[in-house]
There are 2 protein chains.
Amino acid sequence: MDYYKQQTKFLVAVDCVVFGYEAGEIKLLLYPRAFEPVKGSWSLMGGFVREDESSDQAACRVLQQTTGLNDIFLEQVATFSAPEREIYERVISIAYFALIRIDRYKKSKADEFGAKWWPINELPNLIFDHDEMIRQALKKLQQKAGTSLVGSELLPRKFTLLQLRKLYEAIYQREFDPGNFRKKMLSLNVLERMDHKNSTESKKGAYYYKVKADKIEEELERIVKY
Amino acid sequence: MDYYKQQTKFLVAVDCVVFGYEAGEIKLLLYPRAFEPVKGSWSLMGGFVREDESSDQAACRVLQQTTGLNDIFLEQVATFSAPEREIYERVISIAYFALIRIDRYKKSKADEFGAKWWPINELPNLIFDHDEMIRQALKKLQQKAGTSLVGSELLPRKFTLLQLRKLYEAIYQREFDPGNFRKKMLSLNVLERMDHKNSTESKKGAYYYKVKADKIEEELERIVKY
DNA sequence: TCAAAAGTGTTTGGGCTACACCCATGT
DNA sequence: ACATGGGTGTAGCCCAAACACTTTTGA
């Protein structure tokens, strides 16, 4: 046991890459660092791990505090541990990625901090290695969306196939053939057509779909190549 | 800065899932825990992260110390942080997976600890959450081998297509059609045929191949489904 | 009437699978 | 001679990609 006592201890934090989807774009929730060093740069939602919680719980707590939301999709990305990655003190940080529906977000504590949604292609300067965290998180999101309908976590509960396709186009930064995308998605047998239509995005009107209740978390065969 | 000072610090460790390949089987390097608690159970190669190093460097150091090898393929798997995952003291552990050629390993410090190679299908009881680390590491290995020739890290520098196929069969725990496997591998254009043959494993003799020097780390299109 | 999305159908090509088949050679 | 792996060829199937076409309706 003495061996344990000789060892160095470290501050351990979590940083959450919070993805949202709005106006046809993937967006990220960031807040401005209000104090030196690197004041004015933007930061991921983060916080320190506490004595009585796992890092998963810490990430969950951070999101609860900053977005007011509780039942959020959350997954580990990687751990960043370079000795010089922060400035004043060494911190080992476990990066997570989260998916939330911006329409559920609305007002919350995050606004008090000046938090803002940034389109993924127009990000500001970020502190420390947060840009690398985002890069890896996006890759994870693409992998995840390729084998599950996790993408629908970013949409309202009911959505049209146009909305779903636009979301996938935003995630993968490329276009999909409308007919083929529709056939592929429907062939997976995880979507359930509802009995009413959305008429705001097309003249003809498109049926709403929702994910079948028992298929939400299901692992599927490849949906899209990545 | 006061905010930093109030936070709890943690012991941070690395645990390495060391994969090897021998006699047609994937094997894992483990050593027996010599002291209580859980004396007699087996453990992954691990160690604490030090003040002046990243976790990557720590994992590298642990492998150097236990196997004598330096230039080893090493990749992060995930971080395990449940408060009760160890017994006497809380330790947050970053799991890595490593690939080494058993023929390069031979004698080393690890033998002094009683380290032993275990076939992946006949593992002993493991301490803490090490079995879960192995499960996730194997999954990572399968993904990695599916998009790169990382598998050849486990073979001698030159190898026959039979040896490569047997390795992939061991990694994915399923059989591959000999003809199709050969065609697929050669079509990737990353293997270079050498001008001599191996005659120990077949009457006819099979050409040796090696990975083209400039293609070792290359990301490929899908090699095998997983 | 026209544009734009909804929704369905068809064709094509590439790749994977399952085999068949010949070659070389040690026993 | 025969068993075994080395190595090549091929027919069938599935699926993704490309794209044609019809429907519906608001502007």
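Remember, predicted model here, so these are calculated numbers, not experimental data. Just so you know, these numbers use all the heavy atoms, side chains as well, and skip hydrogens, waters and symmetry mates.
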In whole angstroms, how far is the C1' atom of C:dT8 from the CG atom of A:D177? 12 Å
Between A:T160 and A:N198: side-chain donor-acceptor atoms closer than 3.5 Å: no
Using a cut-off of 6.0 Å, state whether more than 12 heavy atoms not belonging to B:E132 lie near its atom CD. yes
Ignoring backbone atoms, test whether A:K204 places a side-chain nitrogen or oxygen under 4.0 Å from the OP1 or OP2 oxygen of C:dA4. no
Base of D:dG9 paired with side chain of B:K183 (donor-acceptor, under 3.5 Å): yes
Over how many whole Å does the gap from A:R174 atom CZ to D:dA16 atom C1' extend? 11 Å
I want to confirm an ordering. Mapping A:N180 and B:S199 to their closest nucleotides on DNA chain C, which one lands closer to the 5' end? A:N180
Examine D:dC15: is either OP1 or OP2 under 4.0 Å from a nitrogen or oxygen in the side chain of A:K184? Give yes or no. no
To the nearest angstrom, the CZ-C1' distance between B:F181 and D:dG7 comes to 15 Å
Distance, nearest 0.5 Å, that separates CG of B:L167 from CG of B:L161: 12.0 Å
How many Å lie between CE on B:M185 and P on C:dC16, as a whole number? 11 Å
Count the heavy atoms of every other residue, nucleotide or ligand shown that sit under 6.0 Å from NZ of A:K166, and state whether that count exceeds 12. no
Heavy-atom closest pair, residues B:L155 and B:R101: O-NH1, 2.5 Å
Judged by nearest nucleotide, the residue sitting upstream toward the 5' end of DNA chain D, A:S202 or B:L162, is B:L162
Heavy atoms from C-beta onward define the side chain here; which of D:dG7, D:dT4, D:dA18 lies closest to that of B:R182? D:dG7
Mind calculating the distance between CZ (B:R193) and C1' (D:dG6) to the nearest angstrom? 11 Å
A:Y207 OH to D:dT25 C1': how many Å, rounded? 15 Å
Write down the distance between CG (A:L188) and P (D:dA16), rounded to a whole number of angstrom. 9 Å
From CD of B:E201 across to P of D:dG7 the rounded distance in Å is 12 Å
